[in-house]
Amino acid sequence: DSGVTQTPKHLITATGQRVTLRCSPRSGDLSVYWYQQSLDQGLQFLIQYYNGEERAKGNILERFSAQQFPDLHSELNLSSLELGDSALYFCASSAQESSYNEQFFGPGTRLTVL
Amino acid sequence: GENVEQHPSTLSVQEGDSAVIKCTYSDSASNYFPWYKQELGKRPQLIIDIRSNVGEKKDQRIAVTLNKTAKHFSLHITETQPEDSAVYFCARYDTGRRALTFGSGTRLQVQP
């Protein structure tokens with residue numbers, strides 16, 4: 001157990017809908033990262049927050065957004081969902097601002113868009 | 001300059017043999033190279049990492065080598081065991097994007 005929690009574990013929804021994925025980092029970690037892992041694909045970096053501020057942005061679609069709250073938990077919002085958005089979404093956390101250090105991954109949320 | 005090329009995509013070895021996975025990159029600004037292991041249905045976990053100021057790092061049966069001139073780094077697992085079976089991802093820290101870029105993964109199967 002990495003200490004990073006994600007909810008829900010599974011999510012099934014329809015095209016065009018909107019969902020929110022939630023992540024709580026390890027105690028004391030200020031950085032939260034979001035990744036998308038499609039079937040048989042690697043990990044695609046989406047976005048990073050550090051202490052409430054956006055720090056780095058990757059291949060995140062305009063339909064997706066995220067934020068980090070004062071208690072440091074983070075939410076990833078996915079809207080106007082398409083079939084291709086079906087994937088495993090991981091969040092990870094680290095103590096430092098830079099991803100030049102170990103990241104601790106949560107168990108992931110499996111999103112299925114029908 | 002963003003991609004990390006990882007080979008092979010699948011690797012099957014006999015228990016006790018060695019396994020080598022190689023990654024190449026093109027951005028010379030990369031300076032941190034971690035390796036993550038993802039067992040089936042589980043989360044990725046860091047197993048070893050190397051920074052650009054060293055050429056090799058070892059941790060028991062696992063080692064990573066880095067050749068900055070040739071822009072490639074490799075994971076070496078010796079005396080493989082069935083519990084080493086997993087998908088292994090290499091990554092590099094992209095100083096421009098300030099984020100990790102991951103390879104596409106290598107599925108390692110260790111046959112008992």
Side-chain angles (χ1 to χ4, degrees), chain A residues 1-7 9-10 21 23-26 29-51 53-60 66 87-110, chain B residues 1-10 21 23-25 27 29-54 57 59 62 64 66 75 86-108:
Chain A
D1 186 358
S2 66
V4 179
T5 60
Q6 288 186 249
T7 56
K9 285 187 178 179
H10 303 278
L21 313 184
C23 169
S24 291
R26 291 188 321 160
D29 283 359
L30 299 178
S31 274
V32 171
Y33 311 80
W34 286 98
Y35 292 92
Q36 180 191 59
Q37 185 175 42
S38 302
L39 191 64
D40 292 332
Q41 294 291 312
L43 292 153
Q44 299 292 321
F45 170 69
L46 296 178
I47 198 164
Q48 178 203 355
Y49 280 82
Y50 176 77
N51 203 21
E53 300 291 326
E54 180 183 308
R55 193 192 181 277
K57 209 166 187 175
N59 304 323
I60 188 166
L88 194 53
Y89 291 84
F90 285 105
C91 101
S93 75
S94 70
Q96 297 83 5
E97 181 176 359
S98 169
S99 54
Y100 190 82
N101 297 281
E102 181 174 6
Q103 297 181 21
F104 296 87
F105 283 77
T109 292
R110 182 168 296 282
Chain B
E2 285 190 6
N3 290 340
V4 180
E5 299 292 328
Q6 183 171 346
H7 299 281
S9 57
T10 60
I21 303 169
C23 290
T24 59
Y25 62 98
D27 184 0
S30 300
N31 55 8
Y32 172 63
F33 306 88
W35 286 87
Y36 282 80
K37 175 184 179 182
Q38 186 177 24
E39 296 178 12
L40 187 62
K42 297 194 175 179
R43 70 195 78 196
Q45 289 184 284
L46 180 74
I47 55 170
I48 197 166
D49 58 11
I50 191 167
R51 301 181 193 274
S52 59
N53 58 341
V54 297
K57 183 176 178 181
D59 182 3
I62 294 173
V64 56
L66 171 64
L75 178 71
V87 178
Y88 292 82
F89 293 98
C90 65
R92 66 173 185 91
Y93 179 69
D94 184 331
T95 54
R97 298 174 67 215
R98 299 187 299 177
L100 290 179
T101 298
F102 284 83
S104 55
T106 295
R107 185 174 300 278
L108 173 65

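A, B, ... follow the sequence lines: proteins, then strands. Residue 1 opens every chain. Keep in mind that this is a model prediction, so the values were computed, not measured.
Heavy atoms of other residues, nucleotides or ligands lying less than 6.0 angstrom from CZ of A:R26 number more than 12.
In terms of non-hydrogen atom pairs under 4.5 Å with chain A, the most contact-rich of B:G103, B:A99, B:G105 is B:A99. With chain B as the partner, the residue from A:S98, A:A92, A:G106, A:G58 showing the most heavy-atom pairs under 4.5 Å is A:G106.
Shortest non-hydrogen contact noted between B:T106 and B:P8 is OG1-O, 2.5 Å. Nearest heavy-atom pair, A:V4 versus A:C23, reported as atom, atom and distance to 0.1 Å: CG1-SG, 4.0 Å.
Contact of B:Q6 with chain A is not made at all, since no heavy-atom distance falls under 4.5 Å. When heavy atoms are compared at a cutoff of 4.5 Å, A:F90 approaches chain B solely by way of its side chain, counted from C-beta outward. B:P34 does not touch chain A: none of its heavy atoms, backbone or side chain, sits under 4.5 Å away. With a threshold of 4.5 angstrom between heavy atoms, A:Q44 does not approach chain B through any atom at all. Heavy-atom distances place the side chain of A:Y35, and not its backbone, under 4.5 Å from chain B. Of the atoms belonging to A:R55, heavy atoms from both backbone and side chain fall under 4.5 Å from chain B. Of the atoms belonging to B:Y93, it is side-chain heavy atoms, and not backbone ones, that fall under 4.5 Å from chain A.
Every residue was checked against the salt bridge (charged side-chain N to carboxylate O under 4.0 Å, His left out) condition with A:E102, not counting sequence neighbours, and none meets it. Contacts of A:K57 classified as salt bridge (charged side-chain N to carboxylate O under 4.0 Å, His left out), with partners at least two apart in sequence or in another chain: none.
A:F105 and B:Y36 have perpendicular rings, their planes meeting at more than 60° on a 0 to 90° scale where under 30° would count as parallel.
Although no hydrogens or angles enter the test, the distance criterion places a donor-acceptor pair under 3.5 Å between the side chain of B:D94 and the main chain of B:G96.
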